[in-house]
Each structure stands twice: as C-alpha cells, then as structure tokens.
Amino acid sequence: MNKTEMIEEIASRTNLTKADAARAVNAVLDTIVETVAKGDDVTLPGFGSFKSVQRAAREGKNPKTGEKLQIAATIAPKFSAGATFKNAVAKK
C-alpha cells in the first residue's frame with residue numbers, strides 16, 4: 001500500500017473526502033517527523049513508537065572495491081512495533 005492508497009482507504013472508512021483524508025494523513029506524518037527530528041519520542045499505544053537513535057562512527061567497506069572507509073556518526077529514526085501490531089501481523 002502506498003500513500004495514495006492509504007488516503008483512499010482512510011477516506012472510505014471515515015466518510016471523509018480524499019482531500020480531507022490527505023490533510024489528516026499528512027498532518028500525522030509531519031507531526032511524527034517533526035517530533036522525532038527534535039529528539040522527542042512518539043508513542044502510539046498498540047501500534048508502536050518512533051524515536052531517534054545515535055549511531056556511532058564506524059569503519060565500513062566499499063562493496064565494489066573492498067576499500068575501507070570511515071562512516072560518520074549520525075542520528076537515525078527508529079520504529080518499534082507495539083504488541084497489538086506484532087500480534088496482528090503474526091495472526092495471533
């Protein structure tokens with residue numbers, strides 16, 4: 001499912017117009033991105049949590065040449081699925 005398909009599904013489930021559903025989806029996604037970018041966590045009980053994690057600098061390898069290279073430290077987003085989501089996927 002892509003974003004357009006998600007918007008259509010939300011519109012049909014909620015009786016919203018596609019434009020209203022698109023604004024709602026965009027608002028949710030923008031809020032999650034902005035919050036995690038500030039360093040705060042977003043927790044949606046049953047669904048999961050979004051947070052930022054620090055990745056240390058490390059040595060990597062160019063797969064084409066085998067040459068060693070230094071990979072800089074960075075901050076990356078991380079998602080952890082909640083129990084309800086995990087169970088639904090596992091069909092428990």
Side-chain angles (χ1 to χ4, degrees):
M1 174 179 282
N2 62 34
K3 187 176 178 181
T4 302
E5 293 167 339
M6 178 179 283
I7 289 168
E8 290 172 0
E9 183 67 22
I10 290 170
S12 71
R13 288 184 183 208
T14 61
N15 294 321
L16 292 173
T17 65
K18 286 183 186 177
D20 288 340
R23 280 193 290 278
V25 168
N26 289 332
V28 169
L29 297 176
D30 290 345
T31 301
I32 291 170
V33 170
E34 291 166 6
T35 303
V36 173
K38 288 189 301 188
D40 296 331
D41 296 349
V42 175
T43 302
L44 305 170
F47 181 73
S49 61
F50 300 86
K51 62 183 176 180
S52 59
V53 294
Q54 179 72 39
R55 290 196 179 153
R58 61 195 189 280
E59 191 174 271
K61 192 176 183 181
N62 181 328
K64 280 188 174 182
T65 64
E67 178 185 356
K68 291 183 180 181
L69 54 104
Q70 192 62 28
I71 300 171
T74 188
I75 298 173
K78 180 178 181 182
F79 173 74
S80 298
T84 304
F85 188 5
K86 287 179 184 178
N87 290 338
V89 171
K91 299 183 195 286
K92 289 186 178 179

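In what follows, residues are counted from 1 in the order of the sequence shown. Both backbone and side-chain heavy atoms feed into the values below; hydrogens, waters and symmetry mates do not.
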Legend entry - ILVMFWY clustering at 4.5 Å (side-chain atoms), partners of Ile7: Met1, Met6, Ile10, Val25, Leu29
Inset, instruction - Give the minimum heavy-atom separation between Ser52 and Gly39, together with the two atoms involved. - result: OG-CA, 3.9 Å
List the atom pairs, with distances to 0.1 Å, where a side-chain N or O of residues 65-83 and a protein N or O form a donor-acceptor pair under 3.5 Å, not counting sequence neighbours.
{"from": "Thr65", "atom 1": "OG1", "to": "Glu67", "atom 2": "N", "distance (Å)": "3.1"}
{"from": "Gln70", "atom 1": "NE2", "to": "Arg58", "atom 2": "O", "distance (Å)": "3.4"}

Inset, instruction - Could you tell me which residues satisfy side chain to side chain donor-acceptor pair (under 3.5 Å) with Lys3, sequence neighbours excluded, listed by chain and number? - result: Asn26
Inset, instruction - Apply side-chain contact (heavy atoms from CB on, under 4.5 Å) to Asp40 and list each qualifying residue two or more places apart in sequence or on a separate chain. - result: Thr35, Lys38
Inset, instruction - Scan residues 14-39 for pairs that pass ring pair (Phe, Tyr, Trp, His ring centres under 6.0 Å), counting only residues two or more places apart or in two chains. - result: none
Legend entry - Those residues that, when tested against Glu34, pass side chain to side chain donor-acceptor pair (under 3.5 Å) (two or more places apart): none
Legend entry - Pair Val36-Asp41, side chain to side chain contact (heavy atoms under 4.5 Å, CB included): steps then yes or no: CA-CA 6 Å; Val36 173; Asp41 296 349; over 6 Å; no
Legend entry - Counterpart residues, side-chain contact (heavy atoms from CB on, under 4.5 Å), relative to Thr84 (two or more places apart): none
Legend entry - Val33: hydrophobic cluster co-members (side-chain, 4.5 Å): none
Legend entry - Set of residues satisfying side-chain contact (heavy atoms from CB on, under 4.5 Å) with respect to Glu8, sequence neighbours excluded: Thr4, Lys18
Legend entry - Nearest-0.5 Å distance that lies between atom CZ in Phe50 and atom CG in Leu44: 6.0 Å
Inset, instruction - State which residues pass side chain to side chain donor-acceptor pair (under 3.5 Å) with Arg23; sequence neighbours excluded, sorted by chain then number. - result: Asp20
Inset, instruction - Report the residues that fulfil side-chain contact (heavy atoms from CB on, under 4.5 Å) with Ala27, sequence neighbours left out, ordered by chain and then residue number. - result: none
